[in-house]
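In the text below, chain A, chain B and the rest are named by the order of the sequence lines, each starting its count at 1.
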There are 2 protein chains.
Amino acid sequence: MLQEDFSFVSHDCGDCPIRHRAVCARCETDELERLEEIKYYRSFEAGQTVVWSGDRMDFVGSVVSGIATLTQTMEDGRTQMVGLLLPSDFVGRPGREGAAYDVVATSDLVMCCFRKKPFEQMMETTPHIAQRLLQMTLDELDAAREWMLVLGRKTAREKIASLLAIIGRRDASIKSLSMQERIVFDLPLTREAMADYLGLTLETVSRQISALKREGLIELQGKRRVTVPDFSRLLEEAGDDSDGGLLV
Amino acid sequence: MLQEDFSFVSHDCGDCPIRHRAVCARCETDELERLEEIKYYRSFEAGQTVVWSGDRMDFVGSVVSGIATLTQTMEDGRTQMVGLLLPSDFVGRPGREGAAYDVVATSDLVMCCFRKKPFEQMMETTPHIAQRLLQMTLDELDAAREWMLVLGRKTAREKIASLLAIIGRRDASIKSLSMQERIVFDLPLTREAMADYLGLTLETVSRQISALKREGLIELQGKRRVTVPDFSRLLEEAGDDSDGGLLV
DNA sequence: CGCAGAATTGATACATCTCAAGCTGGGTGG
DNA sequence: CCACCCAGCTTGAGATGTATCAATTCTGCG
């Protein structure tokens, strides 16, 4: 069982893979040392629920590796994804008791957690943490608002193109590729999860992906691997102004 | 012209109407004094644009009175409201040059502004400001995510009911009414603005409002004044679980 | 009074959903 | 090693909710 196996995770913040991007990014060495005292790792298998909406949540933390989703569900089962959590993203809210959303591991997942009370105390005494958290929260707010435009005003085709553009852009930036070349990446989501992100049904997602493929905007190797031969053409389909390369 | 008339606004933070809710809420007297040095008021008439998306923005600030909207527009004119700014809400983002959205005054509007550079410096030296801003940003992030569910998964009727519920609830909480009684409030938005908020057309908004009225869920006095005889019934129509009174 | 912006209402078009049937590929057990 | 199985995915046909286009009707105001 993977649950307790995090041998592949460094326990030393100094060489943590998300050291420079997570909530601890601005911390000095001595601040990291105090964080180390209250941190612990947790691992989850793909499909496991990390937190249930409404549950008491006595920790906050960062995604170290893997992908998780943040979703909201109505009584009748309609669900909307409200966030995609990638490595370095922060989970939980200081100053709140219960979780507002379901957090589900989409792939195998490792999180670096902090007990909430001590973390809240550290926030008071360590401006670097609060500053970084503010910056990250502002970025997430922008992302959420960007997504409101997608959900409220874009067509199904534009929604799919927007999602592929976002994933492709992030992937290219991690690999430090330019947007001029062919972009190849794996979809981290099932068709159903994409539908929940985009406010569509999985059938519509499937149809629109097929249409984009038919028209040569994307190529598929298997169901998950996507090639974008001309990224600017994909951005046009997404309805984004110009090549908008730097806004996200 | 209203532009330069803010005689009705206190210049003394001590008795500012948003003193206890705005970004300065946690400041001590001496901190307020330093804020006073960099603050100035600006007034706008209904319909005026406060900031254009993409423009350089050299200030941040709080809404003192009136209502403004935060909107995003695509090249072809489709627009999505991504935020409704009420008194005490914060505008602008420390650490960013340009504005990400259009800010438009929906009613006559007074803002308390701070030049950005000095404000950013104060944030470094005054934890109370950064703490409060983080708290407010987290709240806005939650509101944005709540709205993603509305935009992505709710029907037109549920969207309208959700909007009425939010406005009505806020209004009742300002007036300290309980949710048991009849709620009466004025819509601060035109049908078109409601449509832009909800990702609908104005015709659909109008039809759904008429339907809710026909079925006795709401009553109208004129176009703008709304009476909700039974708030819990409205919440059912909104698709919200139970009476969800305290989640927002 | 009459105009202009805002809102309502109607008829029709169309995008997406719904329901249903098949396909595909990777894993499993005989 | 093959046949089967099943979750994930694709495709089709028809239903439906919302958009679109168009015509009135309100309402406040000069």
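A cation-pi arrangement is present between B/R42 and B/F59 under the rule of less than 6.0 angstrom and at most 45 degrees off the ring axis.
Rounded to an integer number of Å, the gap from CD of B/E192 to P of D/dT20 is 13 Å. For the pair B/I209 CD1 and C/dA6 P, the interatomic distance rounds to 15 Å; values are reported in whole Å. A straight line from CD of A/Q208 to C1' of C/dC17 spans 13 Å, rounded to a whole angstrom. If you take CG of B/L189 and C1' of C/dA7, they are 15 Å apart, rounded to a whole angstrom. Across the protein-nucleic acid pair, B/R78 atom CZ and C/dA15 atom C1' stand 13 Å apart, rounded to whole Å. In this structure, A/I160 atom CD1 and D/dT10 atom C1' are separated by 14 Å, rounded to whole Å. In this structure, the CG atom of B/L202 is 11 Å from the C1' atom of D/dT20, given to the nearest Å. D/dT10 atom C1' lies 9 Å from atom CZ of A/R191, rounded to whole Å.
When the side-chain nitrogen and oxygen atoms of A/S210 are compared with OP1 and OP2 of D/dT11, one or more of them lie within a distance under 4.0 Å. An OP1 or OP2 oxygen of C/dC17 is reached within less than 4.0 angstrom by a side-chain nitrogen or oxygen of A/T204.
No side-chain heavy atom of A/T69 sits under 4.5 Å from any side-chain heavy atom of A/V103. At least one side-chain heavy atom of B/E158 sits under 4.5 Å from a side-chain heavy atom of A/R78.
Looking at heavy-atom distances under 4.0 Å, A/R224 makes contact with sugar-phosphate atoms alone, never a base. Residue A/L200 is in sugar-phosphate contact alone, with no base atom involved, counting any heavy-atom pair closer than 4.0 Å across all strands shown. Here B/T190 lies in heavy-atom contact (under 4.0 Å) with sugar-phosphate atoms only. No engagement by A/G47 is indicated, since no non-hydrogen atom pair under 4.0 Å with the nucleic acid exists.
There is no side-chain donor-acceptor pair under 3.5 Å between B/S53 and B/D102.
Across D/dT18, C/dT16, C/dA7, the shortest atom-to-atom separation from the side chain of B/T155 is found for D/dT18. Between D/dC21, C/dT8, D/dT11, one nucleotide has an atom nearer to the side chain of B/E203 than all others, and that is D/dC21. Each of C/dT18, D/dC26, D/dA19 was ranked by its minimum atom distance to the side chain of B/K223; first place goes to D/dC26. Distances from the side chain of A/R207 to the nucleotides C/dT8, D/dG12, C/dT16 place D/dG12 closest.
Salt bridge B/D186/B/R224: absent, no basic N to carboxylate O contact under 4.0 Å.
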